[in-house]
Number of protein chains: 2
Amino acid sequence: MADTSTPTSDAAARYAALLQLLRTADVIWDASRVFFERWEVTPAQFNLLNLLADAAEGMTQSDLSRELLTHRSNITGLVDRLEDRGWVKRREQAGDRRAWRVMLTAVGRRRVADILPHYHRAAERLWEGAGPAEARRLLEVLQRIAGNAQAAAERLAGRSS
Amino acid sequence: MADTSTPTSDAAARYAALLQLLRTADVIWDASRVFFERWEVTPAQFNLLNLLADAAEGMTQSDLSRELLTHRSNITGLVDRLEDRGWVKRREQAGDRRAWRVMLTAVGRRRVADILPHYHRAAERLWEGAGPAEARRLLEVLQRIAGNAQAAAERLAGRSS
DNA sequence: TGCCAATTGTTGATATGTCAACAATCAGGT
DNA sequence: ACCTGATTGTTGACATATCAACAATTGGCA
């Protein structure tokens with residue numbers, strides 16, 4: 001995670017780009033923590049709220065864990081804390097007594113609506129100095145890398161279990 | 001963190017690419033956790049060990065925290081656990097009684113040397129299906145985005161403190 | 001109908017991460 | 001020599017993350 005100078009061989013360039021990928025995600029995440037401080041919300045909490053904003057009927061915690069790429073058990077505490085603060089509520093899921101339907105409260109919905117325009121503006125500013133075609137190229141190569149990583153993880157998981 | 005379909009406007013493409021960036025870093029991190037299980041090491045621990053492998057004289061914990069983009073206080077526990085397992089040791093830093101010099105033990109050095117070839121091969125496989133110029137373009141745009149995020153965080157931090 | 005495997009959410013143990021506060025120490029200027 | 005401000009590592013409180021194990025429930029199938 002250290003060398004950021006210009007690489008010489010193709011392999012070195014690929015390795016450097018991967019390190020920079022992880023590093024950039026880290027920097028964005030840290031910047032977003034500072035950004036969300038104004039509303040006393042963490043990035044993880046905002047991502048959950050942002051998902052719920054598009055789900056009028058709410059989502060189960062398993063749904064949330066799949067969308068947020070995080071373990072079921074992590075959602076429990078995340079929802080607990082947001083519920084304590086009155087931004088979300090748990091309602092019974094009709095037809096399945098195992099699951100909760102997690103939805104925004106009126107307050108939560110208002111808060112998310114307050115934050116969203118600032119959030120999109122901040123995201124847009126991260127692209128300063130990059131051309132209009134960059135984003136599409138970036139998206140494509142990132143999707144490929146994520147697919148390869150997913151496949152590698154599944155190969156490895158298949159061996160043990 | 002949900003929509004991965006092809007975006008229409010430039011702004012939508014930029015937003016989608018950012019989400020994919022965070023998602024890809026997450027997937028890589030999770031895959032690396034599975035990968036490192038064989039050696040009973042976590043990704044965070046490996047990153048620290050990997051840094052130390054290039055520092056014959058060791059590094060202080062502050063040095064480590066700067067390179068790993070993590071808080072000083074996080075390094076304490078990381079080094080504690082690695083020290084308990086005998087992979088690193090703390091030695092006195094000549095000329096500064098506040099600091100430790102953290103270095104690999106002989107065992108730790110051997111373990112890192114065992115892992116590294118597998119690690120580089122696994123990293124290389126993430127690029128399957130991508131052309132040789134992709135990595136350099138990716139590195140460039142990621143550096144720009146990280147710079148912008150860093151600047152945004154500093155602007156925000158400047159306001160409050 | 002009744003069994004069994006899968007799913008859902010929670011809990012507890014643990015690792016990783018932040019921050020504020022603290023003691024010890026260092027470094028520079030007077 | 002002395003004060004002052006910065007740096008170093010640790011601690012404790014907390015948020016976020018994993019996993020295994022558990023109880024409750026669901027759903028399919030013999």
Inset, instruction - Decide yes or no, distance alone: a donor-acceptor N/O pair under 3.5 angstrom between the base of D/dT7 and the side-chain of B/R98. - result: yes

Legend entry - N or O in side chain of B/T42 less than 4.0 angstrom from C/dT16 OP1/OP2: yes

Inset, instruction - Counting heavy atoms from C-beta on, name the nucleotide in D/dT10, D/dA17, D/dT8 closest to the side chain of B/R90. - result: D/dT10

Legend entry - Most 5' of B/R66 and B/D80 on DNA chain D, judged by nearest nucleotide: B/R66

Inset, instruction - On DNA chain D, check which nucleotide each of A/R72 and A/D96 is closest to and give me the residue with the more 5' one. - result: A/R72

Inset, instruction - Verify the distance criterion only: is there a donor paired with an acceptor across the side chains of A/R90 and A/Q61 at less than 3.5 Å? - result: yes

Legend entry - Given D/dA17, D/dT8, D/dA15, the nucleotide with the shortest approach to the side chain of A/Q45: D/dA15

Inset, instruction - May I have the distance from B/W100 (atom CH2) to C/dA24 (atom C1'), rounded to whole angstrom? - result: 12 Å

Inset, instruction - Take the protein atom CG of A/L68 and the nucleotide atom P of D/dA17, then report the distance between them rounded to whole Å. - result: 8 Å

Inset, instruction - Using a heavy-atom cut-off of under 4.0 Å over every strand shown, decide if B/Q93 touches base, sugar-phosphate, or nothing. - result: nothing

Inset, instruction - Could you check whether B/T76 gets within reach of a base, just the sugar-phosphate, or nothing at all, counting any heavy atom under 4.0 Å? - result: base

Inset, instruction - Ignoring backbone atoms, test whether A/S62 places a side-chain nitrogen or oxygen under 4.0 Å from the OP1 or OP2 oxygen of C/dT8. - result: yes

Inset, instruction - Determine the interplanar angle of the A/Y119 and A/F46 rings, folded into 0 to 90°, and report it as parallel if under 30°, tilted if 30 to 60°, perpendicular if over 60°. - result: tilted

Legend entry - Given DNA chain C, 5'-ward residue of the pair A/D30 and A/G77, judged by closest heavy atom: A/G77

Inset, instruction - Give me the one residue out of B/V102, B/V112, B/L82 that meets side-chain contact (heavy atoms from CB on, under 4.5 Å) with B/L52. - result: B/V102

Legend entry - Basic-acidic side-chain contact under 4.0 Å: B/R33, B/D30: yes

Legend entry - Atom-pair distance (NE2 on B/H71; P on D/dA13), nearest Å: 17 Å

Inset, instruction - Could you check whether B/L78 gets within reach of a base, just the sugar-phosphate, or nothing at all, counting any heavy atom under 4.0 Å? - result: sugar-phosphate

Inset, instruction - Grab the CD-P distance between B/E40 and D/dC19 for me, whole Å please. - result: 15 Å

Legend entry - Any donor-acceptor N/O pair, B/T105 side chain to B/G108 backbone, under 3.5 Å: yes

Legend entry - Interatomic distance where CG belongs to B/D26 and C1' belongs to D/dA17 [whole Å]: 10 Å

Legend entry - For atom CZ of A/R97 and atom C1' of D/dG27, their distance in whole Å: 15 Å

Inset, instruction - From the options D/dG9, C/dC19, D/dT18, select the nucleotide whose nearest atom is closest to the side chain of B/S73. - result: C/dC19

Legend entry - Whole-Å gap separating P (D/dT11) and CG (B/N74): 14 Å

Legend entry - Whole-Å gap separating C1' (D/dA17) and CZ (A/R33): 13 Å

